[in-house]
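Since the structure comes first, as structure tokens, the remarks are kept for the end.
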Amino acid sequence: MISDEVLGMFELSNDLLFGRIPEDKYRYYVEEPLRLGREAAEKVKGAGGIFALYEEAGIEIIYQEASGENYGVSFRAQSEYGKDGSAKVLMYKQSIAELAKHSCDYVIGEEEALALHLAHEYFHYLEYHSSEIKDDRTQPYYSHGFVSDYLEPVQLVKLFGRRRQAGILRCSEIAAHAFAKEMMGLEILPNYYDYTWLMAGGKLRREDFLEKARQFEEMVRMR
Ligand SMILES: [Zn+2]
């Protein structure tokens, strides 16, 4: 079993600013988003499941048959937010089915994979509706704004003597994974499936993945 912290490190390491994070802060940038995601999942538990939440929020779900492939980057779900508070989520069914097919040792079905992506996107909706558009309806579920803004920024190189700072965007992803995991009652942080998919496609060797996991295990314990 690969821990949430280690899979969180996998996500964090994909951040463009990963190199700016001090080693003794890895733990913070992984544990805090995990906590925020889990907390929000706990709060929506009485709301009747992910489809009920979409209905309550009036979020439109649009199913696309084609895979979401664009310039070699494939995506499985995408959210669009209107300035009026409206939202729609595009679900790329083929890509999601592919992921379910290669769910490997923590098997999920297509329907479950779909709900998982809806849950992930719903967390981003909560982020958006607690920062860009203040929404009284979703505040009881989650009220911290974008996770990457809520957490401490990292220092960037000084430019003309001015201090520059930036948020770690991948922390929003870690929180959304934790939210989806908790809501769906999954055994593993769902970005795991990004890697089983890569391994199935021959783009990542299992031993390399496990070696990385061992390294991240050590890094996330550093203080
Ligand atoms: Zn996301």
Side-chain angles (χ1 to χ4, degrees), residues 4-18 29-41 43-44 50-51 53-54 57 59-64 67-82 86-100 103 108 112-133 135 138 141-151 166-184 186 188-198:
D4 291 358
E5 287 74 16
V6 167
L7 284 163
M9 277 299 291
F10 270 96
E11 190 66 60
L12 191 69
S13 70
N14 289 329
D15 199 285
L16 288 173
L17 299 177
F18 183 65
Y29 285 111
V30 166
E31 283 183 349
E32 278 300 289
L34 287 174
R35 182 180 66 80
L36 291 169
R38 287 177 192 140
E39 251 176 42
K43 288 182 179 154
V44 301
I50 191 61
F51 288 98
L53 285 168
Y54 270 66
I59 307 169
E60 194 184 348
I61 304 170
I62 301 167
Y63 294 101
Q64 307 273 19
S67 72
E69 189 110 18
N70 209 349
Y71 302 104
V73 181
S74 85
F75 34 92
R76 300 185 294 264
Q78 244 186 324
S79 295
E80 288 172 14
Y81 306 112
S86 68
K88 52 184 164 192
V89 172
L90 281 77
M91 300 288 283
Y92 297 93
K93 286 180 87 170
Q94 205 181 309
S95 308
I96 291 170
E98 277 290 304
L99 174 129
S103 52
I108 50 168
E112 204 181 353
L114 219 99
L116 168 68
H117 284 80
L118 287 174
H120 179 108
E121 293 305 312
Y122 183 78
F123 184 79
H124 290 318
Y125 172 86
L126 290 180
E127 285 185 289
Y128 190 75
H129 278 247
S130 61
S131 63
E132 296 297 306
I133 298 174
D135 182 342
T138 62
Y141 298 153
Y142 176 82
S143 60
H144 303 301
F146 290 105
V147 172
S148 48
D149 294 338
Y150 178 73
L151 300 183
I168 301 293
L169 295 176
R170 292 283 174 163
C171 288
S172 288
E173 293 311 310
I174 298 172
H177 295 320
F179 177 83
K181 180 192 177 192
E182 194 67 28
M183 232 202 124
M184 302 286 301
L186 298 177
I188 194 135
L189 203 70
N191 65 323
Y192 177 67
Y193 299 121
D194 295 339
Y195 299 98
T196 55
W197 181 82
L198 285 172

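As the structure lists them, so they are numbered: ligands from 1, and atoms in each ligand from 1.
A pairwise comparison of heavy atoms in H177 and P190 identifies O-CD, 3.5 Å as the closest pair.
No donor-acceptor pair under 3.5 Å is formed between the side chain of D149 and the backbone N or O of G167.
To the nearest 10 degrees, the angle centred on the Zn ion (ligand 1) between NE2 in H124 and OE2 in E173 reads 80°.
Using bins of under 30°, 30° to 60° and over 60° for the plane-to-plane angle, the ring pair F179/F123 lands in the tilted bin.
Residues Y195 and Y192 keep their aromatic ring centres 6.0 Å or farther apart.
Restricting H120 to its N, O or S atoms, the one at the least distance from the Zn ion (ligand 1) is NE2.
Within the 2.8 Å limit, E121 places no N, O or S atom next to the Zn ion (ligand 1).
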